[in-house]
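Reminder, nothing fancy here: chain letters follow the sequence lines and each chain counts from 1.
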2 protein chains.
Amino acid sequence: MSVSVKDVAAAAAVSVGTVSNVLNRPDKVAPATVARVQAAIDRLGFVRNDAARQLRAGRSRSIGLVVLDSANPFFAEVARGAEERAAREGMAVLLGNSDQTPSRERAYLELFREQRVNGVLLTPTDLEDGAVRRLAESGIPLVIVDGELPGGGVPSVAVDDVQGGMLAVAHLLEQGRRRIAFIGGPRSIRQVADRLEGARRALAGVPEATLEVIELDALTVLQGRDAGEEIARRSPAERPDAVFCANDLLAVGVLQGTAILGEVRVPGDLALIGYDDIDFAQSAVVPLSSVRQPARAIGAAAVELLLEALDSEGAAIRHVRFQPELVVRASTGR
Amino acid sequence: MSVSVKDVAAAAAVSVGTVSNVLNRPDKVAPATVARVQAAIDRLGFVRNDAARQLRAGRSRSIGLVVLDSANPFFAEVARGAEERAAREGMAVLLGNSDQTPSRERAYLELFREQRVNGVLLTPTDLEDGAVRRLAESGIPLVIVDGELPGGGVPSVAVDDVQGGMLAVAHLLEQGRRRIAFIGGPRSIRQVADRLEGARRALAGVPEATLEVIELDALTVLQGRDAGEEIARRSPAERPDAVFCANDLLAVGVLQGTAILGEVRVPGDLALIGYDDIDFAQSAVVPLSSVRQPARAIGAAAVELLLEALDSEGAAIRHVRFQPELVVRASTGR
DNA sequence: ATTACAGTTTGAAACGATTCACGGCTGGAT
DNA sequence: ATCCAGCCGTGAATCGTTTCAAACTGTAAT
């Protein structure tokens, strides 16, 4: 079927060992031989069989990436960053979506182990669960993306979500808002919990301010819209005067939801701020204030950490932590 | 290092062949033996080495996906659809971004060949180029995503972009617009060329209508914004009264660009329609009319076709063609 | 008692690359 | 002449799985 080193060796009148050397350590082979072998490779259209290479050499050339939802623009950017960085090393990225479901996460991790990936970048569905720790100890290099394992010990790249939550709510308070609502997904998602915690801390300095927490099932536009409608239907006295959403998708949804009844205006009646600063935040009906995360850089950094872990077996474990950045737009204007 | 079939065989007191059979054809093995081997597998934590499996068995369990830009929401959805469908078959998806660059496309295809992927789903940078045809003939199963190879012969899943362009412009004409502008990326992108062709056909029936073509380098929000600003700066007489953008990102950009000067209003002065109906189209400053493509279904269908091609070596080559759907919102209102 | 047969299990070959101990060659030093 | 050191190149062993012909077992039919 396909051309193997043996064929190439025959065509170039050398041994298979030499072909392998041309492929992997050209400097150890006489230039003339290299040229001859290369010519044979080109002529026959030889393509290295990575399975065999991997089997013998141990190492593979792919890394696994498991995110909560790759259709979410934030994760799409993270994936993009990882893919670009990996490509520079000649590595391929295997993509998996856990949809926040531990069973799907497990299925992907298992599949990736079978594929003998070099390592896994994981946005865990549940950091507290022992599964992540066990995985880390099972020998497969692991980097936590957008989170940090409580006990340390596993390299990770994260954004300080508590800080991000503080930034957002501090900004709302600064604008004179006092009746804050936090709209988020399930608190079991660490990012959500941390952003809420940040909100709480920002409120600590302002005793007369209140915080209402609205918990949803998922961080989607649709869920946000429902929450927005619910708020719009309330009497003005019971309505918050500012909403901090756990991500931009929710915020966009809230914007739609409040717009439907047409009574609550953003930012007049309701200041609104999201999280992630996805591309569309600035293009929303009312340009959306948000907290920016360097998504692409996060993906790239994760691959970087994995490469480090691969190079220096058991060396220092690094944690990269990006700082979030407040982006003010019309939705929190006066 | 890691546990192999040999270890499992020893632990269960059977031969390696039997272990393999338990793994691949449990029905050929006596139930009691299956149980014993399974127990050993669980106890030892055996994970099948896919490299070895692949080497011997020929087949692999991954498929490659090369798209123009996975951060583009349309392709992100396509990727999601592909990934979901592949996961159902226990297959993993390798993701690659060509960024419309033939050299990056080639690099990924080469990498994927080395990985011995089962097949490749490709959104080609250049369909006319012989490279795609050569690839298809090189033995690696190929499915064209969002396009169709002129000569046939390669399975493909596409959306009728000409039809989509017609829908969009026919709608603009119906709204009484006559000075239409088409804003698109490089015409070398087939999708762009087809949508433009559709626009032309729609115009054919209305002699007094005109079409201006504005060609950009890329289909991004930023490029759209520049184009929008340029249009906004024109005198009213030289301005189109409707714009059809080759995708929603451009349309969102145009919306931003025209808004900056504040003189051109959408849809009053300028009707605007995009393409793809990404999630944010309905949440834009002015909810955006668009042409919807079933992105996730496209990805799933592509995997489906690949599986068919894999099963029935050289059987009928199918082309799946989805129909685009017009979605009318405020941006093309009166 | 012999043969047939289906159901199980075995064990060695094969997949295609990498690795490494070893041998041949060349040319300069002794 | 002899020896040594560097280069180059060789080819068998190896990785972990699948495959398949052959061997084995016990039961049924003759």
Practice task
Among residues two or more places apart or on two chains, list those pairs meeting salt bridge (Lys or Arg N to Asp or Glu O under 4.0 Å) that have a residue in residues 142-154 of chain B.
Solution key: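 Output for this query lists B/Asp146-B/Arg190, B/Glu148-B/Arg321.
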Practice task
Can you run down the salt bridge (Lys or Arg N to Asp or Glu O under 4.0 Å) pairs that involve residues 10-21 of chain A, sequence neighbours left out, and say none if there aren't any?
Solution key: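 Counting only pairs at least two positions apart or across chains, no salt bridge (Lys or Arg N to Asp or Glu O under 4.0 Å) contact touches residues 10-21 of chain A.
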Handout entry: Sub-4.0 Å heavy-atom contacts from residues 27-35 of chain A onto DNA chain D, ordered by number
Key =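 Those residues whose heavy atoms fall under 4.0 Å from DNA chain D, taken from residues 27-35 of chain A in numerical order, are A/Val29, A/Ala30, A/Thr33.
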Handout entry: Partner set under ring-ring contact (aromatic ring centres under 6.0 Å, His included) for B/Tyr108, not counting sequence neighbours
Key =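 Scan of B/Tyr108 (ring-ring contact (aromatic ring centres under 6.0 Å, His included), adjacent residues dropped) gives B/Phe112.
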Round to the nearest Å and state the distance from [X] atom [atom1] to [N] atom [atom2].
| X | N | atom1 | atom2 | answer |
| --- | --- | --- | --- | --- |
| A/Asn49 | C/dC15 | CG | P | 12 Å |
| A/Ile41 | C/dG16 | CD1 | P | 16 Å |
| B/Arg53 | C/dA14 | CZ | C1' | 17 Å |
| A/Arg61 | C/dG16 | CZ | C1' | 15 Å |
| A/Asn24 | C/dA17 | CG | C1' | 9 Å |
| A/Arg48 | C/dT18 | CZ | C1' | 10 Å |

Practice task
Please identify each residue that fulfils salt bridge (charged side-chain N to carboxylate O under 4.0 Å, His left out) with B/Asp99, with sequence neighbours left out.
Solution key: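 If we apply the salt bridge (charged side-chain N to carboxylate O under 4.0 Å, His left out) test to B/Asp99, skipping adjacent residues, the hits are A/Arg80, B/Arg104.
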Exercise for the section: Please list, chain by chain and in numerical order, all residues satisfying salt bridge (charged side-chain N to carboxylate O under 4.0 Å, His left out) with A/Arg48, sequence neighbours excluded. Expected result: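 If we apply the salt bridge (charged side-chain N to carboxylate O under 4.0 Å, His left out) test to A/Arg48, skipping adjacent residues, the hits are B/Glu114.
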Handout entry: Comparing A/Ala51 and B/Val16 on DNA chain C - which has the more 5′ nearest nucleotide
Key =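 Final value for this comparison: B/Val16.
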Quick one: list whatever passes side chain to side chain donor-acceptor pair (under 3.5 Å) with [X], sequence neighbours left out.
| X | result |
| --- | --- |
| B/Gln100 | none |
| B/Gln54 | none |
| A/Arg36 | none |

Practice task
Run the salt-bridge test on A/Arg106 and A/Glu110 with the 4.0 Å N-O cut-off and return the result as yes or no.
Solution key: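 No.
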Handout entry: Salt bridge present between A/Arg88 and A/Glu84 (N-O < 4.0 angstrom)
Key =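 Not counted as a salt bridge, because no side-chain N and carboxylate O are separated by less than 4.0 Å.
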Practice task
Work out how much the helix from C/dA1-D/dT30 to C/dT30-D/dA1 bends between its end axes, five pairs an end, to the nearest 10 degrees.
Solution key: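 Here the helix ends are tilted 60° relative to one another.
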Classify the nucleic acid contact of [X] as base, sugar-phosphate or nothing, counting any heavy atom under 4.0 Å across all strands shown.
| X | value |
| --- | --- |
| B/Arg25 | sugar-phosphate |
| B/Val14 | sugar-phosphate |
| B/Asp50 | nothing |
| A/Ser20 | base |

Exercise for the section: Return each pair, listed once, that meets ring pair (Phe, Tyr, Trp, His ring centres under 6.0 Å) where at least one residue sits in residues 34-93 of chain B; pairs must be two or more places apart or across chains. Expected result: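 Those involving residues 34-93 of chain B do not exist here.
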Handout entry: Below 4.0 Å: OP1/OP2 of C/dA14 and any side-chain N or O of B/Arg56
Key =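 Checking C/dA14 against B/Arg56, no side-chain N or O comes under 4.0 Å of OP1 or OP2.
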Exercise for the section: Report yes if at least one side-chain N or O of B/Thr18 is closer than 4.0 Å to OP1 or OP2 of C/dT10; otherwise report no. Expected result: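 Checking B/Thr18 against C/dT10: at least one side-chain N or O falls below 4.0 Å of OP1 or OP2.
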Practice task
Taking B/Asp7 for its side chain and B/Val3 for its backbone only, find out whether a donor-acceptor pair lies under 3.5 Å.
Solution key: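 The answer is no, because no donor-acceptor pair under 3.5 Å joins these two groups.
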Exercise for the section: Please list, in 5' to 3' order, the outermost nucleotides of DNA chain D lying under 4.0 Å from any heavy atom of chain A. Expected result: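 Answer, 5' to 3': D/dC8 to D/dG16.
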